[in-house]
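Worksheet for the structure shown next.
Below, all heavy atoms of this structure are taken into account, side chains as well, without hydrogens, waters or symmetry copies.
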Amino acid sequence: MGTLSFGARGPGTAVAAGLGLMTGALVTLAVHRQALATLTTRLERLESLATRLDRLETLASRLDQLDRAARAQHHANLAHQQRLHWELLSKAIDDPELAEVLDLYEPPVSPGRRRQYLFANALYTNALFYYRIGNISREEFHGFVRGILQNPVVREYWYATSHQRATIADDSDEAELGRMVDELLAQLEEADGDEWWVVGEPPEAPE
């Protein structure tokens with residue numbers, strides 16, 4: 001009976017196996033390196049995005065501070081203007097000769113009526129100032145004006161100064177509120193005087 005003989009593995013076989021393992025390890029290492037490079041790139045992008053977001057937040061905060069500062073300065077300017085306006089009106093009310101400088105009414109009025117008109121102007125501009133700085137709402141401004149228009153002298157004053165309001169910039173808040181008062185006064189003239197407090201509704205503020 002013959003005996004089967006298997007030849008012994010030589011050094012070449014071991015070397016080939018080692019090369020195969022090394023090749024596999026190198027391929028695996030290359031894949032890991034590529035994955036690591038991809039993750040590193042993503043992290044760098046995320047860090048860059050986080051930096052940009054931080055800068056945007058800082059910029060937004062700075063813009064908000066500037067906006068609040070601008071509004072505060074605007075209110076301060078309005079307050080200063082209002083003080084000067086009242087000082088000038090006070091002098092004109094107290095001094096008939098100075099009041100003649102402000103006599104731009106149509107038709108002309110007596111010195112006594114002129115003083116009343118100046119005071120009516122002070123009442124209206126004070127309410128306008130309060131509205132501009134946010135101390136009263138549009139509805140509250142409307143209600144205040146509706147109240148003072150119950151006085152016939154105030155109505156006369158409003159009619160007598162219509163030509164002065166015509167020179168105000170049409171797109172300004174003062175002109176827009178003036179038109180609102182014009183409409184309210186027309187509604188009051190047509191309404192039953194016994195229920196004047198329910199006349200008119202303040203229109204919505206323009207966008």
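For the atom pair CG of L128 and CZ of F144, the computed distance is 11.0 Å after rounding to the nearest 0.5 Å. Taking OH of Y131 as the start and CD of E139 as the end, the distance is 12.0 Å to the nearest 0.5 Å. How far CG of L184 is from NE2 of H142: 4.0 Å, rounded to the nearest 0.5 Å. Annotation: the span from D95 atom CG to S90 atom OG amounts to 12.0 Å, rounded to 0.5 Å.
Between the S48 side chain and the E44 main chain, no donor and acceptor come within less than 3.5 Å of each other. Here the side chain of E183 pairs no donor or acceptor atom with the backbone of R179 at under 3.5 angstrom.
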Under 3.5 Å, which donor-acceptor pairs link side chains of residues 112-124 to any protein atom two or more places apart or in another chain?
from, atom 1, to, atom 2, distance (Å)
R113, NE, E156, OE1, 3.4
R113, NH1, Q116, OE1, 2.7
R114, NH1, D103, OD2, 2.9
R115, NE, I93, O, 2.9
Y117, OH, E156, OE1, 3.3
N121, OD1, H85, NE2, 2.9
N121, ND2, Y157, OH, 2.9

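The minimum heavy-atom distance linking T161 with R165 is given by the pair OG1-NH1, 2.7 Å. Between F141 and V181, the shortest heavy-atom contact is CE2-CG2, 4.4 Å. The minimum heavy-atom distance linking A92 with A99 is given by the pair O-CB, 3.2 Å.
Linking ILVMFWY side-chain heavy atoms closer than 4.5 Å, directly or via other members, places V101 and L104 in two distinct hydrophobic clusters. L98 and Y105 end up in different hydrophobic clusters when Ile, Leu, Val, Met, Phe, Trp and Tyr side chains are linked at under 4.5 Å. The same ILVMFWY cluster, assembled from side-chain heavy atoms under 4.5 Å apart, contains both Y159 and V145.
At most 12 non-hydrogen atoms from other residues, nucleotides or ligands lie less than 6.0 angstrom from OH of Y130.
Taking 4.0 Å as the cut-off between side-chain N and carboxylate O, R132 and E174 count as a salt-bridged pair.
Contact annotation: the side chain of M180 approaches that of L177 to within less than 4.5 Å [non-hydrogen atoms, C-beta and beyond]. Residues T38 and Q34 are in side-chain contact: their nearest non-hydrogen atoms beyond the backbone lie under 4.5 Å apart.
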| message | Set out, in order, the CA-CA distance, both residues' side-chain angles and the distance that settles side chain to side chain contact (heavy atoms under 4.5 Å, CB included) for N135 and E140, then state yes or no. | response | CA-CA 10 Å; N135 278 9; E140 289 171 326; over 6 Å; no
